[in-house]
Amino acid sequence: MRTATLGPAERAESLAAMAERELDLLVVGGGVVGAGTALDAATRGLSTGLVEARDWASGTSSRSSKLIHGGLRYLEMLDFVLVREALKERGLLLERLAPHLVKPVPFLYPLQHKGWERLYAGSGVALYDAMSMARGHGRGLPVHRHLTRRHALRVAPALRKDALVGALQYYDAQMDDARYVATLVRTAAAYGAKVANRARVTAFVREGERVVGARVQDVEAGGEYEVRAKQIVNATGVWTDDTQSMVGERGQFHVRASKGIHLVVPKDRIHSSTGLILRTEKSVLFVIPWGRHWIIGTTDTDWDLDKAHPAASSADIDYLLEHVNSVLAVPLSRDDVEGVYAGLRPLLAGESDATSKLSREHTVAHPVPGLVVVAGGKYTTYRVMAKDAVDAAVHGLDMRVAECVTEDIPLLGAEGYRALWNARARIAARTGLHVVRVEHLLNRYGALAEEVLELITANPALGEPLHSADDYLRAEVVYAASHEGARHLDDVLTRRTRISIETFDRGTRCAHEAAELMAPVLGWDQDHIEREIEHYRKRVEAERESQRQPDDLTADAARLGAPDIVPL
């Protein structure tokens with residue numbers, strides 16, 4: 001199978017092709033569910049289009065806790081169906097669909113009460129492991145284990161001795177959520193889907209009661225296309241209600257946004273060889289290993305302000321620091337925080353007043369002929385949501401359509417990944433890169449790392465790390481623009497890499513170098529380069545200012561002080 005390239009020329013060709021002839025299915029929304037829906041449809045043999053108003057995964061799907069998990073807390077709520085489904089998907093992703101992108105991660109759960117808590121929590125984690133193995137997709141992860149306090153402190157010396165009487169350790173999985181979506185989109189394109197980011201749906205086209213297409217604005221180059229489709233899937237997450245209003249119909253359900261914020265701190269600030277999961281009065285708090293960093297999150301608060309740029313307030317940051325410091329021997333301060341990000345969970349409204357108790361299950365509806373809506377759910381179960389959405393759309397197609405096959409469709413880069421991993425020392429010797437660099441590339445691109453290495457072979461200067469962000473090679477910036485659909489500096493520093501949350505300067509020091517690398521690929525002149533850099537710096541300044549504000553209203557106002565690079 002060919003690998004799809006999402007460069008500027010391919011984007012233009014996709015938009016033109018979508019407007020040229022009627023599609024079987026048009027998907028609106030380029031998050032994980034929309035991208036998964038496009039892959040599902042394309043692999044059933046349907047002519048498929050996918051459009052996204054901003055960048056791939058620019059909403060919820062790049063701002064999660066980066067976990068692929070069954071959801072231990074849903075087990076406590078007795079939601080066995082959701083947990084069983086999520087554990088099956090976790091196993092598929094780890095073992096078959098994306099072993100290059102989804103990795104096991106250990107978590108330590110400190111016990112604070114003798115006797116009953118070990119029995120209660122231990123029973124839950126044992127059931128979690130048993131449910132995973134019963135699905136036949138959990139054998140790749142170690143089973144949980146019980147630890148004494150002394151053993152737990154050897155594993156996680158950062159913990160205060162009086163913060164635990166013992167511990168449980170269990171495994172889940174993690175991924176780079178934005179990178180996962182970009183790979184999902186490329187996989188859909190490789191199977192024939194036409195895909196375009198920065199392509200905004202401005203209206204739905206109707207003939208009588210039926211939705212027969214959408215008007216799509218090319219936000220980059222200007223101009224508007226009419227894309228006709230036999231069925232349209234609305235997969236716009238927290239924007240579902242807004243998108244639904246375009247058809248002038250009340251939705252059959254509403255999507256409520258819950259804000260979750262995360263802090264990123266350097267690895268050396270917390271001395272531990274394992275992640276942590278802590279109980280809070282409202283939910284749970286994770287401390288997640290993330291390369292040379294830790295991710296700490298998350299909060300769970302109602303949000304009804306700007307959906308494109310949810311802002312983290314000073315109160316949010318203090319909340320996380322206070323809770324994590326309650327168990328750390330050496331507390332964290334604001335000075336330890338190198339990155340902050342906020343995301344919105346799309347929750348189905350009406351289940352409960354508290355957002356932490358709203359349903360994480362998904363719903364598919366057919367509000368008007370020709371239009372399917374999919375909403376709710378969680379990142380881990382995106383493939384099931386996509387399957388259900390396409391199944392619903394197929395009912396409106398006057399043709400026989402194959403069953404879903406995505407359970408057996410590895411993402412680009414998965415095939416051959418393990419063989420290349422075994423040969424990483426030889427690849428390092430061949431390319432002159434350190435073996436750690438080769439491992440970094442394989443775990444971000446899988447077998448597609450060979451394409452990045454080809455750029456370095458053609459121009460050895462691209463094998464050098466970025467100044468001020470030396471976890472990433474210069475070639476990765478070029479590759480993001482030429483192969484992965486990055487259109488702006490913000491796309492590269494925030495989503496194709498995670499420089500914006502992994503450096504204390506938030507990526508401003510390497511912004512010029514990255515923009516210069518992107519310029520030849522995207523045809524930027526010097527004025528355009530300077531505009532991109534200035535926009536990125538203003539965005540960082542606005543985010544920093546929002547994080548100094550006391551509450552959501554003032555934080556939102558401060559964040560909106562920086563306009564989008566392409567106003568929407």
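Computed from heavy atoms alone, side chains included, the values below leave out hydrogens, waters and symmetry copies.
Between the side chain of Thr298 and the backbone N or O of His262, no donor-acceptor pair lies under 3.5 Å. Counting only distance, with no hydrogens or angles, the side chain of Arg160 and the backbone of Ser326 share a donor-acceptor pair below 3.5 Å. A donor-acceptor distance shorter than 3.5 angstrom exists from the side chain of Thr503 to the backbone of Ile499, with no hydrogens or angles considered. In this structure a side-chain-to-backbone donor-acceptor pair under 3.5 Å is missing from Thr381 to Gly377. A donor-acceptor pair under 3.5 Å is absent between the side-chain atoms of Glu484 and the main chain of Ala486, judged by distance alone. Side-chain N or O atoms of Lys387 include none that pairs as donor or acceptor with a backbone N or O of Tyr382 at under 3.5 Å. Between the side chain of Thr406 and the backbone N or O of Ile409, no donor-acceptor pair lies under 3.5 Å. Using modelled atom types, one side-chain atom of Arg498 and one backbone atom of Thr494 make a donor-acceptor pair closer than 3.5 Å. The backbone N or O of Ser64 sits less than 3.5 Å from a side-chain atom of Tyr341, completing a donor-acceptor pair. Looking only at distances, no side-chain donor or acceptor of Arg269 sits under 3.5 Å from a matching main-chain atom of Val337.
Salt-bridge check for Glu407 with Lys88: passed, with a basic side-chain N closer than 4.0 Å to an acidic carboxylate O. Here Arg496 does not pair with Glu476 in a salt bridge; the nearest charged N to carboxylate O distance is not below 4.0 Å. In this structure, Asp490 does not pair ionically with Arg54, as no charged nitrogen and carboxylate oxygen lie closer than 4.0 Å.
Using a 4.5 Å heavy-atom cutoff, the side chains of Ile317 and Leu263 are in contact. Contact check for Leu411 versus Leu184: side-chain heavy atoms found under the 4.5 Å cut-off. The closest side-chain heavy-atom distance from Val233 to Val390 is not below 4.5 Å. Arg256 is not listed as a side-chain neighbour of Leu348, based on a closest heavy-atom distance of 4.5 Å or more. Residues Val324 and Leu276 are not in side-chain contact: their nearest non-hydrogen atoms beyond the backbone lie 4.5 Å or more apart. With contacts defined as side-chain heavy-atom distances shorter than 4.5 Å, the pair Leu442/Tyr417 qualifies. Residues Leu420 and Ile427 are in side-chain contact: their nearest non-hydrogen atoms beyond the backbone lie under 4.5 Å apart. Side-chain contact between Trp303 and Ser258 is absent, with no heavy atoms from C-beta onward closer than 4.5 Å.
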(message) Go through it in stages, so that I can follow the logic: the residues are Arg424 and Glu439, the test is salt bridge (charged side-chain N to carboxylate O under 4.0 Å, His left out), and I'd like the CA-CA distance, side-chain angles, deciding distance and then a yes or no.
(response) CA-CA 7 Å; Arg424 62 194 184 278; Glu439 291 175 352; 2.8 Å; yes

(request) Kindly indicate, with the supporting measurements, whether the criterion salt bridge (charged side-chain N to carboxylate O under 4.0 Å, His left out) is fulfilled by Lys66 and Asp176. (result) CA-CA 6 Å; Lys66 325 293 186 216; Asp176 182 331; 5.7 Å; no

(message) Run the ring pair (Phe, Tyr, Trp, His ring centres under 6.0 Å) test on Phe286 and Phe107 for me, step by step, so that the C-alpha distance in whole Å, both residues' side-chain angles and the decisive distance to 0.1 Å come before the verdict.
(response) CA-CA 9 Å; Phe286 287 101; Phe107 284 102; 5.4 Å; yes

(request) With side-chain contact (heavy atoms from CB on, under 4.5 Å) as the test, would you mind laying out the steps for Leu473 and Leu441 before giving the verdict? (result) CA-CA 9 Å; Leu473 298 179; Leu441 293 176; 4.1 Å; yes

(request) For side-chain contact (heavy atoms from CB on, under 4.5 Å), just list the numbers for Ile456 and Thr431, CA-CA rounded to whole Å, side-chain angles, deciding distance to a tenth of an Å, and then say yes or no. (result) CA-CA 8 Å; Ile456 296 170; Thr431 60; over 6 Å; no

(message) salt bridge (charged side-chain N to carboxylate O under 4.0 Å, His left out), that's the test. Do Asp388 and Arg383 meet it? Break it down for me.
(response) CA-CA 9 Å; Asp388 290 349; Arg383 194 192 63 81; over 6 Å; no

(request) Apply side-chain contact (heavy atoms from CB on, under 4.5 Å) to the pair Val340 and Arg506, showing each step before the final yes or no. (result) CA-CA 9 Å; Val340 181; Arg506 310 275 172 99; 4.0 Å; yes

(message) Run Arg96 and Asp408 through salt bridge (charged side-chain N to carboxylate O under 4.0 Å, His left out) and show every step you take.
(response) CA-CA 8 Å; Arg96 184 187 304 168; Asp408 297 306; 2.8 Å; yes

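Checking Asp316 against Thr299 by side-chain atom types alone, no donor-acceptor pair falls below 3.5 Å. No side-chain N or O of Gln169 forms a donor-acceptor pair with one of His144 less than 3.5 Å apart. Between Ser58 and Arg495, the side chains place no donor N or O within less than 3.5 Å of an acceptor N or O (distance only, hydrogens not considered). Judged by distance alone, the side chains of Arg90 and His69 never bring a donor and an acceptor atom under 3.5 Å apart.
Closest approach of Leu159 to Pro110, counting heavy atoms only: CD1-CG, 4.5 Å. Of all heavy-atom pairs between Ala235 and Val374, the closest is CB-CG1, 3.9 Å. Residues Gly70 and Leu87 approach most closely at CA-CD2, 3.8 Å, considering heavy atoms. Heavy-atom minimum distance, Leu101 versus Asn443: CD2-O, 4.2 Å. Residues Ser62 and Asp177 share a closest heavy-atom pair of C-OD2, 3.3 Å. Across Ala167 and Leu108, no two heavy atoms sit closer than the pair CB-CD1, 3.7 Å.
Exactly one of Thr148, Val327, Leu153 qualifies for a side chain to side chain contact (heavy atoms under 4.5 Å, CB included) with Leu164. That residue is Leu153.
Here the CG-CD distance, from Leu412 to Glu415, works out to 10.0 Å after rounding to the nearest 0.5 Å. Once rounded to the nearest 0.5 Å, the distance linking CE of Met175 with OH of Tyr180 reads 8.5 Å. Glu502 contributes atom CD, which lies 8.0 Å from atom CD1 of Ile295 (distance to the nearest 0.5 angstrom). Distance check, rounded to the nearest 0.5 Å: CZ of Arg437 to CD of Glu464 gives 9.0 Å. Here the straight-line distance linking atom CG of Asp471 with atom CG of Leu466 works out to 10.0 Å at 0.5 Å rounding.
The neighbour count for His151 NE2, taken as heavy atoms of other residues, nucleotides or ligands under 6.0 Å away, is above 12. Counting heavy-atom neighbours within 6.0 Å of Arg430 CZ, excluding the residue itself, gives a total above 12.
Screening residues 420-445 for ring-ring contact (aromatic ring centres under 6.0 Å, His included) gives His440-Tyr472, Tyr445-Tyr479 as the qualifying pairs, with residues at least two apart or on separate chains.
With sequence neighbours excluded, the residues satisfying ring-ring contact (aromatic ring centres under 6.0 Å, His included) with Tyr319 are His323.
In this structure, Tyr128 has its ring center no closer than 6.0 Å to that of Tyr171.
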Can I get a per-line list of side-chain donor-acceptor pairs under 3.5 Å for residues 35-43, giving both atom names and the distance, sequence neighbours left out?
residue, atom, partner, partner atom, Å
Thr37, OG1, Val33, O, 2.7
Asp40, OD1, Arg44, NE, 2.6
Asp40, OD1, Arg44, NH2, 3.1
Thr43, OG1, Leu39, O, 2.8
Thr43, OG1, Asp40, O, 3.0

